[in-house]
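As structure tokens, the structure follows; a few thoughts come after it.
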Amino acid sequence: REIAWLSEGTMGQGTSRAVSVSLGWILLSLLGAGVTLSKPMDDLTYKKGQEIMLKVNSLTSTQTQVPLDYYHLPVCLEASGPRMRQQTLGEFLAGTKLQSSPYKISGMVDTTCEKLCQIQLNKGQASNLQRRIHQGYRNNWELGDMPSAVIMSDGEGSPRRFGGGFPIGFVDPLDEETAYVFNHVNMEVLYEDLGNNYYRIVQFAVEPLSVKHSYTDPGYEWNDGSTEGLRKPLATCFRSQPLRPSSILQHQVVKPNEAILYTYSVEWETAHDGTHWSNRWETYLTENHTFRYKALWQSIAKSLVGLLSLSVVVLRILMTNLRRKKEEDKPWKLLHGDVFRLPVQNSTLLCVFLGSGVQLAVSLFLLLVLAIFKVASQAKTGSIIEGGLVMYSIASVLAGYVSARMHKTLFKPATASRRNQCTRLAAILVPVVVFGAFMFLQAWLCSSRSTACVPPLEVLILVGIWSCVQVPLVYLGAYMGFRKNCGKFPTRTLTTPRVIPQSNFSPQLMAGAAGLAPFAALYLQVHFLMPSLWLYQYYTAFGVALITMSIALGTSALVAIALVYRQLNAENYQWWWFSFMVGGSCGVWMFLVAILWFPRLEAQMALTFALYFGYMVLISFGVFLVFGSLSFLASLWFVMKLYSTIEDDTSDSTSAFDSGQL
């Protein structure tokens, strides 16, 4: 329905009651959405000999970007079937699916060459497993709350990688048609001893191996229907010592009618390298302290130099022009009767983009603050997504307020239909675009039976957050924005528009090239962030990201001011959309870099193209809104300040505020 108080400027008793109900929904919805951010962790203190559940997560691949259920492959099952852990909204959106596994692990008790089960591959299972190995799928396990690092068995010190899980198999380098499965895992568990046989797990690593198992009895073949094979000794794996890569004579090939015997070993070690329970995540999040913070700080220093240089240029412009020297004739002064003439096209859309950009900027800033204080972290699966939803919902009030203030400034007086149109667009435009793209990709993911397919109930929760939280907050912000007295422009607008002279430089090309300056400040952050988004690696430089984003936004604002000043001196008063595009073009450069980065995924499926470019278009659109909004606000402040220094001699002309043409 049309909201009457948006046009009347007053709030009746019925409307007040409606807003009170909406605020109640807002508080309850935000409490429900944010409860997982402060959700207490499970009891992760164990006693010696206590059985610990090894949880298996979704299979992931950088080549397909389509996570799959772990039990989608022919692997060992529990007798009672896998049990799925209750998940949060953020975990569903992240595509995770934690389930129980048949691996039996006892606390502080080493296990060597334990048999799990044997699977006889039929034609379909063999084809499926071969295809997933060729697509580069990887296992993601958890013990306690620690994800599995992978021990690279290359004979060079066995380095560890802490992000992205470990592969399910490998392809023969001499014959690409032949695939081998990792059917044995050596698990290494580091723990912190608490005394009295109590401990906590601080690191968990897996060394995957492929071995064609055989029994000491040459003629013995294990019948899958019996348990005799679990008791028979193996000739390829001994109870006295863990299996090592150097002792493997033949790998386990994947082909129809092949019997695959799955085995595992567990080795417990006390942490002696300074790793404790309090800092256990630092090794994972920094890839064992190999993250290149030095390069990021050097990039920040260079960006600061550029920002200071631009600041000097803009300060010089202001100091030169803010002096009231009427005798000086400058080209920009000739536009005093046209500089505040409204943009010819899409004025309401400009207001909506401005409000949405401010909303995104504030929610991103708040999310980075949460990440810096580790309230939202990659150590808590889905917490960053949930934190982003909560912050974006809270910032919805700014979308309504900024859009309404700008709309009232431009259109005075404005009809009720114009005000309602602006408010509705502020509430639905960006969320509907994002949700529409999300649902299109979801339909494709669900048809592929991916764990990234969000259940219908969680989709309804997203719709509820939008309808019960974001929309009421937008309308509340619009109510406050329309009630606020709008400022007046320092000069009046003439009835007849001034003819804009021809320019040697295209404003569109100039605006597009200008986005390269703020993007240059962001580039190194993008270089580190893309692997976290698409290669399942950890990202921890949130403090550096906040500083870099602030520098890039400052650079965008100063570049916009300098170019708007140049355009005014060229006697071109159409600076409204131009100033927005100067900063917004940073999103175009973001998308161009995304196109160049895409080959790293080695994509093999059409769905991968759709997922990558679909989400990168949305991210680039968000960058467009954030940087465009700040550039516009900075330019508006500059133009208001600049023209406040001259006396208005257009008292006989028609005011832009009272002109019927608007």
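Remember, predicted model here, so these are calculated numbers, not experimental data. The first residue in the sequence is number 1, and the count goes up from there. Keep in mind that the numbers below use all heavy atoms, side chains included, and drop hydrogens, waters and symmetry copies.
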**Message:** Are the side chains of Trp575 and Phe632 in contact, using a 4.5 Å heavy-atom criterion?
**Reply:** yes
**Prompt:** Do side-chain atoms of Gln567 reach the backbone of Pro507 as a donor and acceptor pair under 3.5 angstrom?
**Reply:** no
**Prompt:** By side chain to side chain donor-acceptor pair (under 3.5 Å), which residues pair with Ser396, not counting sequence neighbours?
**Reply:** Gln359
**Asked** Heavy atoms, side chains only, cut-off 4.5 Å: are Thr493 and Asp338 in contact?
**Response** no
**Request:** Working to the nearest 0.5 Å, report the span between CE of Met530 and OH of Tyr539.
**Result:** 13.0 Å
**Asked** side chain to side chain contact (heavy atoms under 4.5 Å, CB included) with Ala634: which residues, sequence neighbours excluded?
**Response** Ala557, Ile561
**Message:** Suppose we call two aromatic rings close when their centres sit under 6.0 Å apart. Are Tyr573 and Phe340 close by that rule?
**Reply:** no
**Complete:** Interatomic distance, CD@Glu91 vs CG@Leu98, rounded to 0.5 Å, equals 6.5 Å
**Message:** To the nearest 0.5 Å, what is the distance between CD1 on Ile547 and CD1 on Ile551?
**Reply:** 7.0 Å
Name every donor-acceptor pair, under 3.5 Å, that has one atom in a side chain of residues 582-594 and the other anywhere in the protein, sequence neighbours excluded.
unit_1, atom_1, unit_2, atom_2, d
Ser585, OG, Ala511, O, 2.7
Ser585, OG, Gly515, N, 3.0
Ser585, OG, Met581, O, 3.3
Ser585, OG, Val582, O, 3.0
Trp589, NE1, Gly512, O, 2.8

**Distance, nearest 0.5 Å, that separates CG of Leu354 from OG of Ser629** = 5.0 Å
**Request:** List in chain and number order the residues that pass side chain to side chain donor-acceptor pair (under 3.5 Å) with Glu602, two or more places apart in sequence or in another chain; answer none if no residue qualifies.
**Result:** none
**Request:** State whether the side chain of Tyr643 and the backbone N or O of Trp332 hold a donor-acceptor pair below 3.5 Å, judged by distance alone.
**Result:** yes
**Fill in**
Taking every heavy atom of Val352 against every heavy atom of Cys422, the minimum-distance pair comes out as CG2-O, 3.8 Å
**Request:** Please confirm whether the backbone N or O of His336 pairs with a side-chain atom of Thr491, one donor and one acceptor, at under 3.5 Å?
**Result:** yes
**Message:** Side chains of Met391 and Leu370, heavy atoms from C-beta outward: is any pair under 4.5 Å?
**Reply:** yes
**Request:** Using a 4.5 Å cut-off on heavy atoms from C-beta on, say whether the side chain of Leu522 contacts that of Thr548.
**Result:** yes
**Item:** Close side-chain approach of Pro343 and Phe580, heavy atoms under 4.5 Å
**Value:** no
**Message:** side-chain contact (heavy atoms from CB on, under 4.5 Å) for Leu642 and Val339? Distances and angles first, verdict last.
**Reply:** CA-CA 11 Å; Leu642 186 66; Val339 70; over 6 Å; no
**Flag side-chain contact, heavy atom, 4.5 Å: Thr88 against Thr381** = no
**Asked** Could you walk me through whether Leu462 and Leu389 pass the side-chain contact (heavy atoms from CB on, under 4.5 Å) check?
**Response** CA-CA 9 Å; Leu462 289 176; Leu389 282 174; 3.9 Å; yes
**Prompt:** Under the salt bridge (charged side-chain N to carboxylate O under 4.0 Å, His left out) rule, what pairs show up with a residue in residues 356-371, not counting sequence neighbours?
**Reply:** none
**Prompt:** Is there a donor-acceptor contact under 3.5 Å from the side chain of Trp576 to the main chain of Arg341?
**Reply:** yes
**Asked** For Cys446 and Cys453, what are the C-alpha separation, side-chain angles and deciding distance, and is it a disulfide (SG to SG under 2.5 Å)?
**Response** CA-CA 5 Å; Cys446 292; Cys453 176; 1.8 Å; yes
Identify all side-chain donor-acceptor contacts of residues 425-444 below 3.5 Å with residues at least two apart in sequence or on another chain.
unit_1, atom_1, unit_2, atom_2, d
Gln442, OE1, Val454, N, 2.6
Gln442, NE2, Ala452, O, 3.0

**Message:** If I compare all heavy atoms of Thr62 with all of Tyr536, which pair ends up nearest, and what's the gap?
**Reply:** CG2-CD1, 3.9 Å
**Request:** Determine the interplanar angle of the Tyr523 and Phe519 rings, folded into 0 to 90°, and report it as parallel if under 30°, tilted if 30 to 60°, perpendicular if over 60°.
**Result:** perpendicular
**Item:** Any donor-acceptor pair under 3.5 Å from Ser532 side chain to Gln537 backbone
**Value:** yes
**Asked** Is the side chain of Tyr615 donor-acceptor paired with the backbone N or O of Val617 at a distance under 3.5 Å, no angle test?
**Response** no
**Prompt:** Going by heavy atoms in the side chains, are Val626 and Val358 under 4.5 Å from each other?
**Reply:** no
**Residue pair Leu473 / Ser393: nearest heavy atoms and the distance that separates them** = CD1-O, 2.9 Å
**Request:** Step by step, work out the side-chain contact (heavy atoms from CB on, under 4.5 Å) result for Thr451 and Asn57.
**Result:** CA-CA 10 Å; Thr451 57; Asn57 209 333; over 6 Å; no
**Fill in**
Tightest non-hydrogen contact, residues Pro531 and Trp597, listed as N-CZ2, 3.9 Å
**Asked** For Phe365, what residues pass the ring pair (Phe, Tyr, Trp, His ring centres under 6.0 Å) criterion, not counting sequence neighbours?
**Response** none
**Item:** Where Pro501 and Ala570 come nearest, the two heavy atoms and their spacing
**Value:** CG-O, 3.6 Å
**Request:** Look up atom CZ in Phe528 and atom CG in Leu524, then write down how far apart they are to the nearest 0.5 Å.
**Result:** 5.0 Å
**Request:** Among residues two or more places apart or on two chains, list those pairs meeting salt bridge (charged side-chain N to carboxylate O under 4.0 Å, His left out) that have a residue in residues 573-585.
**Result:** none
**Message:** Tell me the closest heavy-atom pair linking Ile384 and Leu367, and the distance in Å.
**Reply:** O-CD1, 3.7 Å
**Item:** Residues that Arg498 engages under salt bridge (charged side-chain N to carboxylate O under 4.0 Å, His left out), provided they are two or more places apart
**Value:** Glu571
**Item:** Leu335 side, atom CG; Leu568 side, atom CG - distance, nearest 0.5 Å
**Value:** 6.0 Å
**Asked** Yes or no on side-chain contact (heavy atoms from CB on, under 4.5 Å) for Leu445 and Leu611, after CA distance, side-chain angles and deciding distance?
**Response** CA-CA 9 Å; Leu445 286 168; Leu611 288 170; 4.0 Å; yes
**Prompt:** Can you name the side chain to side chain donor-acceptor pair (under 3.5 Å) partners of Ser506, sequence neighbours left out?
**Reply:** Gln508
**Prompt:** Any sub-3.5 Å donor-acceptor pair from Thr608's side-chain atoms to Thr64's backbone N or O?
**Reply:** yes
**Prompt:** ring-ring contact (aromatic ring centres under 6.0 Å, His included) between Tyr479 and Tyr401: does it pass, once the steps are laid out?
**Reply:** CA-CA 7 Å; Tyr479 168 77; Tyr401 179 80; over 10 Å; no
**Item:** Selection residues 430-452 - residue pairs positive for salt bridge (charged side-chain N to carboxylate O under 4.0 Å, His left out), sequence neighbours left out
**Value:** none
**Asked** Under the 3.5 angstrom rule, does the side chain of Thr423 hit a backbone N or O of Asn420 as a donor-acceptor pair?
**Response** no
**Prompt:** Can you find a pair of side-chain heavy atoms, one from Pro455 and one from Glu458, that are under 4.5 Å apart?
**Reply:** yes
**Item:** With Ser631 via side chain to side chain donor-acceptor pair (under 3.5 Å) - residues at least two apart
**Value:** Ser556
**Message:** Please check: side-chain N/O of Gln65 versus main-chain N/O of Trp534, any donor-acceptor pairing under 3.5 Å?
**Reply:** yes
**Prompt:** With no hydrogens and no angle check, is any side-chain donor or acceptor of Lys408 less than 3.5 Å from a backbone partner on Phe482?
**Reply:** yes
